[in-house]
Amino acid sequence: QVQLVESGGGLVQAGGSLRLSCAASGSFYIVNVMGWYRQAPGNERELVASITSGGSTNYADSVKGRFTLSRDNAKTTVYLQMDNLKPEDTAVYYCNANLRPDSRPFGYNYWGQGTQVTVSS
């Protein structure tokens with residue numbers, strides 16, 4: 001059974017930093033795409049940052065230059081370094097991964113349980 005295990009998050013003052021981690025565990029062939037989404041109260045869930053199996057990254061315009069997504073050599077754990085945090089970054093952050101169960105060219109989408117990030121002004 002595939003699981004996405006998240007860690008990090010918490011409360012920080014504006015201008016501060018936090019680091020989120022997400023590790024994919026279980027039986028799968030390869031990670032297609034992995035990254036983070038966030039959802040603030042009353043808002044839709046939105047992409048924050050993602051990385052493909054080839055290493056291409058994609059960032060929301062609102063976090064470019066402040067957030068950095070990286071991964072481990074096994075490509076099964078991603079890290080979201082969040083610097084210069086702003087109150088508008090406050091949200092529940094969800095890890096997301098599209099994983100291939102085998103060598104066939106399709107994958108399944110998985111979500112973590114979510115971790116709260118609160119930025120005080």
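- Minimum heavy-atom separation, A40 to A91: N-CB, 3.8 Å.
- A donor-acceptor pair is defined here as one N or O able to donate and one able to accept, closer than 3.5 Å; such a pair exists between the side chain of R71 and the backbone of S53.
- Looking only at side-chain heavy atoms (C-beta outward), Q81 and S70 stay at 4.5 Å or farther from each other.
- Residues S27 and Q1 are not in side-chain contact: their nearest non-hydrogen atoms beyond the backbone lie 4.5 Å or more apart.
- With rounding to the nearest 0.5 Å, the separation of OH in Y59 from OG in S50 is 9.0 Å.
- Checking side-chain atoms of Q13 against main-chain N and O of S121 turns up no donor-acceptor pair under 3.5 Å.
- Considering all non-hydrogen atoms of both residues, Q113 and L4 come closest at OE1-O, 3.8 Å.
- A 4.5 Å side-chain heavy-atom check between Y29 and P101 finds every atom pair outside the cut-off.
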Subject >> T90 and Q116: CA distance, side-chain angles, deciding distance, side chain to side chain contact (heavy atoms under 4.5 Å, CB included) verdict >> reply: CA-CA 8 Å; T90 296; Q116 177 71 44; 4.0 Å; yes
Subject >> side chain to side chain contact (heavy atoms under 4.5 Å, CB included) between R100 and F28, worked out >> reply: CA-CA 6 Å; R100 278 200 223 169; F28 56 91; over 6 Å; no
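- Hydrophobic clustering, with ILVMFWY side chains joined whenever heavy atoms are under 4.5 angstrom apart, keeps L85 apart from Y94.
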Original post:
Step by step, would you call E46 with Y37 a side chain to side chain contact (heavy atoms under 4.5 Å, CB included)?
Top reply: CA-CA 5 Å; E46 63 175 0; Y37 285 70; 5.6 Å; no
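- Distance check: M82 CE to L18 CG gives 4.5 Å after rounding to the nearest 0.5 Å.
- Taking hydrophobic clusters as Ile, Leu, Val, Met, Phe, Trp and Tyr residues chained together by side-chain heavy-atom distances below 4.5 Å, V119 does not share a cluster with V92.
- For D89 and K86, the salt-bridge test fails: no basic side-chain N is under 4.0 Å from an acidic carboxylate O.
- Partners of E88 by salt bridge (Lys or Arg N to Asp or Glu O under 4.0 Å), not counting sequence neighbours: none found.
- Side-chain contact between R45 and W111 is present, with at least one heavy-atom pair separated by less than 4.5 Å.
- If you take CH2 on W36 and CG on L20, they are separated by 4.5 Å, rounding to the nearest 0.5 Å.
- Looking at every heavy atom in both residues, L47 comes nearest to A60 through O-CB, 3.4 Å.
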**OP:** Show your reasoning for whether side chain to side chain contact (heavy atoms under 4.5 Å, CB included) applies to F67 and V48.
**Re:** CA-CA 9 Å; F67 291 12; V48 176; 3.7 Å; yes
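- A pairwise comparison of heavy atoms in S17 and D83 identifies OG-OD1, 2.7 Å as the closest pair.
- To the nearest 0.5 Å, atom NZ of residue K64 and atom CG of residue N58 are 7.0 Å apart.
- Contact of the L99 side chain with the V2 side chain is registered, since non-hydrogen atoms from C-beta on lie closer than 4.5 Å.
- The CZ atom of R38 lies 14.0 Å from the CD atom of E44; values are rounded to the nearest 0.5 Å.
- Between V78 and L69 there is a side-chain heavy-atom pair separated by less than 4.5 Å.
- Follow the hydrophobic side-chain contacts under 4.5 Å out from Y108 and you reach V31 in the same cluster.
- Residues Y79 and D72 form a side-chain contact, since some pair of their non-hydrogen atoms from C-beta on lies under 4.5 Å apart.
- To the nearest 0.5 Å, atoms CZ (F106) and CG (N98) are separated by 10.5 Å.
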